[in-house]
Amino acid sequence: MSIRVQTEDFNIGTEIAGLTGGRTDIGAVVTFTGTVRGAAGESPITSMTLEHYPGMTEAELARVEAEANDRWPLSASLIVHRIGELHPGNNIVLVVTASAHRHAAFEAAEFLMDYLKSRAPFWKKEARPDGTSEWVDARETDTAALQRWQKSPSKAAE
Amino acid sequence: MSIRVQTEDFNIGTEIAGLTGGRTDIGAVVTFTGTVRGAAGESPITSMTLEHYPGMTEAELARVEAEANDRWPLSASLIVHRIGELHPGNNIVLVVTASAHRHAAFEAAEFLMDYLKSRAPFWKKEARPDGTSEWVDARETDTAALQRWQKSPSKAAE
Amino acid sequence: MTSGTKTNTVTLRYFAWVREKIGFAEEEIFLPAEVATVAELIVWLKTRGETYQAAFDKPEVVRTALDQTHARADTPIANAREIAFFPPVTGG
Amino acid sequence: MTSGTKTNTVTLRYFAWVREKIGFAEEEIFLPAEVATVAELIVWLKTRGETYQAAFDKPEVVRTALDQTHARADTPIANAREIAFFPPVTGG
């Protein structure tokens, strides 16, 4: 159970090794990596700046991670989120979940991302080639994605 | 879209870089890594040997990957499965999916694993500390896991 | 200080476009006694000038946290020390 | 060769515990004319000795592939060149 907010990049292999190295109780590791796309819809972007709310970010991520650990039997989990100026192709966020079985690892990773996207206080501003920049609008679909977790802890059991 | 069956280990960071390096159309990368656990239920295991059906394995994995690409808008995907003798903590299988959006990447990775586990011709034999060894039984839950994909291509749309 | 006369000092924090419209990231205010909820605080802030009116033009879009925990328009401010206003989050 | 007299040579392949019970991984057989489906092939194989009887003791547990494609008990063998028998798969 670990959370980091940082400007520097992360290495997925290193992060997995740090969580699972030397352990033989883990059967399944799921990672999610979010990256900066070179265009928002039709408009190309040159960079993306991530602002956050220091203190609350860590508190929200810890709450979200604790909730995932209540719902699924996780052996380990990790959330790393970058802040500052990023460019197309750069990593933004990493979620890693490890469990004895694959469905728990998959579902917990998806849950962490859905909650993180709707509750963790990060904001993205996109810069365009013409020098303008604009705050990214929240997507309705991210709120909708949360709602499926309110019925049942396991999609596999549906 | 890529498939490999090999005795040697894989490096997740290298595999992701190979799929996504230099691209800016990808927003989400999901990886699943299956690893050898040190015990099957209560019984400790010392090693696991993976046998497969050369030719059919590659054909089945290619069919499964093509099916995932029909169902979700994937930017890239990869399946690597190891064969031969493995030990607790070792990697067995890697699935990587990349897409513009996270739900497609998550669902396709879960789909690939569910199908791989029920259709790809691999068999595991576990060796015990007392020198005996036994073929692993197929799990009913893996067949059940397949059935949820037969209703709808998208859980997020349910 | 007797109960009923609230003269708490609270820190207000603004993020993303809320911060840009207000013009700064943080300020300390004395919370007037008649301001009991988040919604009432927003109404009061809008009396303070054009920048506040611009930031809270559509108050239903602005999110609030009390002491770094998500709150709603009808959440009582109670003894919160830090109140933050920001757009819907877009991380991940 | 006239149609109706099937004397195809097919390769049989065995995997995992099916292979261990049969005692070898592969053999070539002449497919008798009366064997039309996977289920009929299993019945015929069981007449060939104890090792085959042991391997196909519970034929419903054994999976089959015709030319490297999953098949069922009632699948016609038709002109398959390679028929494989194996336990339910356990990879991943």
Side-chain angles (χ1 to χ4, degrees), chain A residues 3 5 32-37 40 48-64 79-84 86 91-95 109-126 133-146, chain C residues 8-29 31 37-38 41-42 45 51-92:
Chain A
I3 279 162
V5 179
F32 174 87
T33 311
T35 55
V36 181
R37 279 184 290 151
M48 171 176 279
T49 303
L50 271 139
E51 177 173 334
H52 81 128
Y53 183 172
M56 180 168 171
T57 308
E58 291 81 356
E60 272 301 320
L61 293 179
R63 275 193 278 269
V64 166
I79 304 174
V80 183
H81 203 299
R82 295 181 71 190
I83 51 172
L86 303 175
N91 292 324
I92 304 171
V93 63
L94 174 66
V95 160
E110 238 183 318
F111 172 91
L112 286 174
M113 280 308 303
D114 284 349
Y115 267 73
L116 184 158
K117 280 205 163 257
S118 289
R119 300 191 60 87
F122 292 100
W123 301 276
K124 285 175 182 150
K125 191 173 199 176
E126 292 171 343
S133 61
E134 206 160 319
W135 292 98
V136 174
D137 273 333
R139 299 194 311 151
E140 287 292 325
T141 51
D142 285 330
T143 309
L146 269 194
Chain C
N8 332 22
T9 304
V10 296
T11 303
L12 302 186
R13 300 185 66 175
Y14 309 110
F15 292 94
W17 56 252
V18 177
R19 172 177 51 73
E20 288 179 347
K21 292 192 187 205
I22 300 276
F24 45 81
E26 193 171 326
E27 64 180 319
E28 295 228 327
I29 61 157
L31 196 67
T37 65
V38 167
L41 176 57
I42 291 174
L45 284 170
T51 57
Y52 293 91
Q53 284 165 31
F56 295 105
D57 180 39
K58 292 177 181 166
E60 71 280 5
V61 172
V62 178
R63 300 290 182 265
T64 311
L66 299 184
D67 289 334
Q68 308 193 348
T69 301
H70 288 288
R72 303 189 320 177
D74 60 358
T75 303
I77 289 171
N79 296 312
R81 306 283 300 269
E82 180 173 302
I83 304 177
F85 296 100
F86 44 78
V89 305
T90 55

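Fair warning: this is a prediction, and the values are worked out from it, not measured in the lab. Letters A, B, ... mirror the listed sequences (proteins, then strands); counts begin at 1.
Heavy atoms closer than 4.5 Å to chain A are found nowhere in C:Arg63, neither backbone nor side chain. In this structure, chain C has heavy atoms under 4.5 Å from both the backbone and the side chain of A:Arg119.
Closest approach of C:Pro87 to A:Trp123, counting heavy atoms only: O-NE1, 2.8 Å. In terms of heavy atoms, C:Val89 sits closest to A:Pro121 at CG1-CA, 3.6 Å.
No donor-acceptor distance shorter than 3.5 angstrom exists from the side chain of A:Lys125 to the backbone of C:Trp17, with no hydrogens or angles considered.
Note on ring orientation: taking the six-membered ring where Trp is involved, the planes of C:Phe86 and A:Tyr53 are perpendicular (angle over 60°, cut-offs 30° and 60°).
Note: C:Thr90 OG1 to A:Glu126 CD = 8.5 Å, rounded to the nearest 0.5 Å.
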Could you please spell out the steps behind the side-chain contact (heavy atoms from CB on, under 4.5 Å) verdict for C:Glu82 and A:Met56? CA-CA 11 Å; C:Glu82 180 173 302; A:Met56 180 168 171; over 6 Å; no
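Counting heavy atoms of neighbouring residues, nucleotides and ligands inside a 6.0 Å radius, atom CZ of C:Arg72 does not exceed 12 of them.
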